[in-house]
Structure formats: structure tokens, C-alpha cells
Amino acid sequence: MTARALIIGAPCSGSGKTSVTIGLLRAFARRGIKVRGVKSGPDYIDPGFHHAATSLPGLNLDTWAMEPALVAHLLDDAAKDTELVLIESAMGLFDGIVGGEGRTGSAADLARLLGIPVLLVLDVSGQSQTAAAVAMGFKHYDPAVKIAGVIMNRAGSERHVKLSGDAITATGLPLTGAVLRNPDLVLPERHLGLVQASEHPQIEGHIEKLADAMETSLDLDAIFDLAVPLTQTTTMSPETNLQPPGQKIALAQDAAFTFLYPHLAAHWRAQGAEIVPFSPLADEAPAGDCDVCWLPGGYPELHAGTIAAAEKFRKGLAEFAQTKPIHGECGGYMVLGEALEDADGVTHRMTGLLSHQTSFAKRRMNLGYRQATIVVDGPLGKAGNMIRGHEFHYASVIDAGTDEAFATIADGTGRPLGTSGGRRRFVSGTFFHAIARVSET
């Protein structure tokens with residue numbers, strides 16, 4: 001089976017890419033097409049919605065954090081036994097950082113690297129014929145990025161559809177349909193963006209509603225035909241994927257611990273590692289026969305009272321830490337500290353395996369790519385290894401504690417940011433989410 005691929009792009013965030021992508025994924029799945037969703041960039045929430053829409057695990061492809069050979073390998077692996085891959089762009093199609101040729105983190109990098117065309121989603125609210133000028137700009141901005149077709153989103157009326165649609169069609173770009181403005185199609189948001197798929201109270205019904213709208217409004221046959229067969233256009237290698245931190249990994253997994261990149265878990269299993277989930281919110285401790293414990297990110301600030309009262313979890317984690325490595329990312333790092341202050345200003349004790357304290361009471365966004373150099377050997381690699389990842393949180397460290405640093409970090413452009421995280425004996429943690437290793441060659 002040769003999979004076809006198509007990028008769903010837009011001029012900016014908020015254009016409706018996610019709703020369109022989720023609806024298309026389910027609409028194609030209804031037709032019996034084996035379709036998979038992929039997210040361009042570091043966003044770890046949208047792949048959960050892709051999974052919910054298709055029943056196939058999501059995937060992130062990030063051209064800044066991942067070397068081209070790893071990007072190609074991951075997409076090739078995801079496309080096996082799949083007929084259609086829809087890649088949802090982050091932000092605007094060309095938006096990224098100054099990271100070098102093909103390493104900006106933008107979806108446009110994927111289009112160039114892998115020869116995948118783009119279906120452009122235009123929010124036409126507040127404009128009519130001007131939408132054609134926007135489409136023309138995308139068509140000619142970069143000859144290496146092919147704009148294969150256009151979807152008009154949030155059109156106000158059939159007259160609006162005709163005015164905008166006729167202008168776009170006159171540019172020579174295929175128009176694959178128009179979705180009328182409908183507040184019922186908007187996904188809910190919270191401080192870190194979209195509410196996770198697992199938290200959406202009527203997720204299945206909402207996805208069905210999105211699929212209904214796409215089937216009614218768009219030409220699915222034309223969209224499928226715009227996708228191109230995936231071909232090997234570059235070297236493929238899993239070499240710079242993050243290696244399993246252990247042979248048997250205890251993974252915290254519940255409503256407070258959710259943010260583990262899908263490609264990491266898939267690679268760890270492919271390398272023969274066993275992942276053993278446990279729930280701190282259910283007062284479960286990591287299994288004693290595991291050789292490493294991983295606390296991923298999530299929303300511990302929403303469950304701080306429950307975590308503080310989970311005595312079996314706290315005691316079991318402390319016993320585990322006596323002889324075996326524990327690593328926490330973002331929310332997991334917060335839980336490893338002495339205390340966490342929630343949004344209401346209430347302070348909750350945490351596990352105390354590291355000495356820092358964090359607070360969510362005074363919100364300050366920390367967002368961006370991170371390149372980290374590990375200080376000592378640990379679950380993420382050996383001292384001196386470089387890891388690329390991403391940081392996105394509103395929590396702040398209000399007491400740095402006395403632990404040694406886990407890593408020295410720089411932002412995506414290489415600007416030094418000092419040290420990050422903490423480590424004490426077998427325990428380590430940091431605010432950034434690791435995505436991939438940097439090649440040592």
C-alpha cells in the first residue's frame with residue numbers, strides 16, 4: 001500500500017486548521033480509508049484529537065527539533081499500511097524560527113523536504129475577494145512549496161461563498177469547498193491551548209459533527225486527489241530518536257500526566273522496551289520491577305490536592321528513587337519539587353524528591369524551542385549529549401532550591417539561557433519536553 005500525503009496549512013493560527021483536519025480525518029475514515037493525522041511542530045495536544053478521529057496514534061514531525069533523516073523515517077513508519085496522511089500545520093504555513101535551511105520548524109519545511117503539497121485553509125470572515133490575493137501570495141511566495149488547493153472557512157453566507165470563491169478560482173487554484181461559520185464547530189480552549197481530547201466531555205459527538213460539516217461542505221474526492229504518493233526523497237534513519245531510558249519503564253499516565261510525544265513511546269517499544277503505566281491520581285506507585293520511572297507533562301496544577309494526598313504514590317516514588325532513575329518533564333518536574341502553588345494561591349506539598357518550588361498563581365508564559373546539553377549521565381543520555389525539545393508552560397519557579405542543574409540550555413536560535421531543571425542522585429527533572437537527540441557527527 002502506498003500512502004498519499006497532504007499538508008493542511010493556513011496563513012495563521014486560529015484559521016480553523018484543527019477543526020478542518022479533525023473533520024477530514026473522520027470523514028475519510030467513514031469512507032473506509034485508513035487515514036492518519038500528523039502534526040507539524042511541537043504541539044502535543046492536537047495529535048490526541050487526530051488519534052480520537054482515526055483510532056490511529058498521532059505523530060509530531062518537527063523540522064527544528066528533528067534532523068531530516070528522523071523526520072523522513074517517522075513519516076515513512078507512520079505511513080505503513082496507511083492510505084492517506086493528513087499533516088496539520090502549526091501556526092502559519094511558513095512560520096518558524098531562524099534555524100537554518102530546512103530547520104525552521106515550519107510545515108513549509110516538510111513540504112520542501114518531502115515534496116508534499118499544501119491544502120490552504122483560508123478564514124474568509126471579514127473579507128471576500130481579498131481572499132484571492134492571500135491565496136495568490138501563498139501560491140507565489142515559495143516555488144518549492146506547492147499550494148494544491150484552497151478551502152474557504154467561516155464563510156458568512158452563500159453570497160459570501162460565491163464572491164470569495166469566484167475570485168479564488170480565477171487565480172487558477174482549485175477550490176475544494178467552503179465551510180460556513182458555525183460556533184458549534186469551535187473546540188474549547190484553556191490556558192495551554194485546546195482542551196485535550198481525553199478531557200472533552202462529548203469528544204465523539206463533536207468529531208462526528210465536524211465530519212458532517214466537512215462532508216457537506218467540501219469535495220472529499222478532490223481533496224484525496226490533491227494528496228500525492230509518498231516517495232523516498234531523503235535519507236531515512238531513526239538514529240537521533242531518543243533512546244529508551246530503561247528496559248522496563250514505569251510511566252505516569254492519567255489526567256495529570258498526559259504529555260508524552262507519541263513518537264517517543266512508539267520508538268521505545270520498537271527498541272524492545274516495555275512501558276508500564278501507573279496513575280498517581282489513583283494513588284498508585286511505580287512498579288518495583290521497573291528500572292526507570294518517567295513523569296511526563298500534563299496539568300498537575302489542576303489536581304494538586306489529589307497528588308498531595310496520594311500517600312502511596314509519594315512513598316512508592318521515594319522508595320523507587322533510592323536505587324533507580326526518575327525523570328520528570330514540565331508537570332512531572334513540578335511534582336518532583338517540594339511544593340506547588342495552584343492558580344488560587346493554595347500551596348500543596350509535592351513529592352520533595354527535588355528541592356525547588358513552583359507556582360501557577362502568577363501566570364507568565366514560557367514558550368519556545370530549547371537545545372539542552374546534559375550535565376551528567378541520566379535517563380535522557382550521557383553527559384555532554386545534546387537534546388532538542390520545547391518548553392510551554394505558565395508556571396514559574398519561586399524557589400530554585402539547592403539541587404544541581406540538570407542541563408545547560410539555549411533557545412532555538414542558540415542564545416544561551418543558563419541552566420535548566422535539577423538533579424539529586426537518581427532523580428532529575430526539567431521544564432522542557434525532549435523531542436530528539438542532536439547527531440554527534
Side-chain angles (χ1 to χ4, degrees), residues 65-67 70 237-252 257 259-261 263-276 286-297 316-337 351-356 369-391 397 400-410 414 416-441:
M66 299 172 177
E67 297 189 6
L70 178 58
S237 171
E239 180 183 348
T240 54
N241 213 334
L242 283 175
Q243 296 305 305
Q247 181 62 38
K248 196 169 186 178
I249 306 163
L251 176 68
F257 301 92
F259 298 159
L260 180 69
Y261 282 111
H263 73 277
L264 297 184
H267 180 67
W268 294 349
R269 290 190 178 100
Q271 294 297 301
E274 180 183 356
I275 296 177
V276 182
D289 61 347
C290 290
D291 49 24
V292 65
C293 178
W294 191 278
L295 303 180
L317 201 67
E319 291 176 352
F320 197 98
Q322 293 299 311
T323 57
K324 300 173 183 178
I326 297 174
H327 184 72
E329 288 190 335
C330 200
Y333 171 57
M334 295 164 69
V335 171
L336 288 174
T351 63
L353 297 180
L354 295 175
S355 60
H356 64 281
Y369 284 122
R370 300 290 182 259
Q371 181 159 291
T373 302
I374 299 172
V375 174
V376 294
D377 294 359
L380 283 181
K382 296 185 179 298
N385 286 170
M386 297 181 72
I387 302 290
R388 283 192 169 188
H390 189 259
E391 191 170 328
V397 174
T402 59
D403 302 316
E404 297 180 86
F406 169 71
T408 59
I409 59 170
L417 299 176
T419 59
S420 176
R423 58 183 175 86
R424 184 196 299 173
R425 295 190 68 225
F426 293 107
V427 181
S428 61
T430 177
F431 264 125
F432 73 84
H433 298 263
I435 296 176
R437 297 186 298 119
V438 176
S439 175
E440 297 179 22
T441 58

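Just so you know, these numbers use all the heavy atoms, side chains as well, and skip hydrogens, waters and symmetry mates. Everything numeric here is computed off the predicted structure, so don't read it as measured data.
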Restricting to non-hydrogen atoms, name the atom on Leu242 and the atom on His267 that form the minimum distance, rounded to 0.1 Å. O-CD2, 3.2 Å
Grab the two heavy atoms, one from Ala407 and one from Ala372, that are nearest each other, plus how far apart they are. CB-CB, 4.0 Å
Is the shortest side-chain heavy-atom distance between Arg425 and Gln322 below 4.5 Å? yes
When you compare the side chain of Phe406 with that of Leu354, does any pair of heavy atoms fall below 4.5 Å? no
Under a 3.5 Å cutoff, is there a donor and acceptor pairing between the side chains of Ser420 and Thr430? yes
Just wondering, do Arg269 and Ile275 contact through their side chains at under 4.5 Å, heavy atoms? yes
Is there a donor-acceptor contact under 3.5 Å from the side chain of Thr351 to the main chain of Val335? yes
Backbone of Pro238 reached by a side-chain donor or acceptor of Asn241 within 3.5 Å: no
For the CD1 atom of Ile374 and the CE atom of Met386, what is their distance to the nearest 0.5 Å? 10.5 Å
Flag side-chain contact, heavy atom, 4.5 Å: Phe431 against Met334: yes
Would Tyr333 and His327 count as a close aromatic pair, with their ring centres under 6.0 Å? no
May I ask you to decide whether Asp291 forms a salt bridge with Lys324, counting only side-chain N to carboxylate O separations under 4.0 Å? no
Closest approach of Trp294 to Glu329 (non-hydrogen atoms, all atoms of both residues): CZ2-OE2, 3.6 Å
If you round to the nearest 0.5 Å, how far is NZ of Lys248 from SG of Cys290? 5.5 Å
Which heavy atom in Pro244 sits nearest to a heavy atom in Ile249, and how many Å separate them? CB-CD1, 4.5 Å
Would you please name every residue forming a ring-ring contact (aromatic ring centres under 6.0 Å, His included) with His263, sequence neighbours left out? Tyr261
List the steps, then state whether side chain to side chain contact (heavy atoms under 4.5 Å, CB included) holds for Arg370 with Leu417. CA-CA 9 Å; Arg370 300 290 182 259; Leu417 299 176; 3.8 Å; yes
Work out which heavy atom in Ala434 is nearest to a heavy atom in Ile387; give both atom names and the distance. CB-CG2, 3.7 Å
Please round to the nearest 0.5 Å and tell me the distance separating atom OG of Ser428 and atom CD1 of Ile326. 9.0 Å
When you measure from the side chain of Asp403 to the backbone N and O of Ser355, does any donor-acceptor pair fall under 3.5 Å? yes
Is there a donor-acceptor pair closer than 3.5 Å between any side-chain N or O of Glu274 and the backbone N or O of Gln247? no
Non-hydrogen side-chain atoms of Arg437 and Arg388 separated by less than 4.5 Å: no
Taking the side chain as everything from C-beta on, heavy atoms only, tell me whether Val276 gets closer than 4.5 Å to Leu251. no
Should Arg423 and Val376 count as side-chain neighbours, where that means a heavy-atom distance under 4.5 Å? yes
Are Val438 and Gln371 close enough that some pair of their side-chain heavy atoms sits under 4.5 Å apart? yes
Kindly give the heavy-atom pair with the smallest separation between His433 and Gly297, and that separation in Å. CE1-CA, 3.9 Å
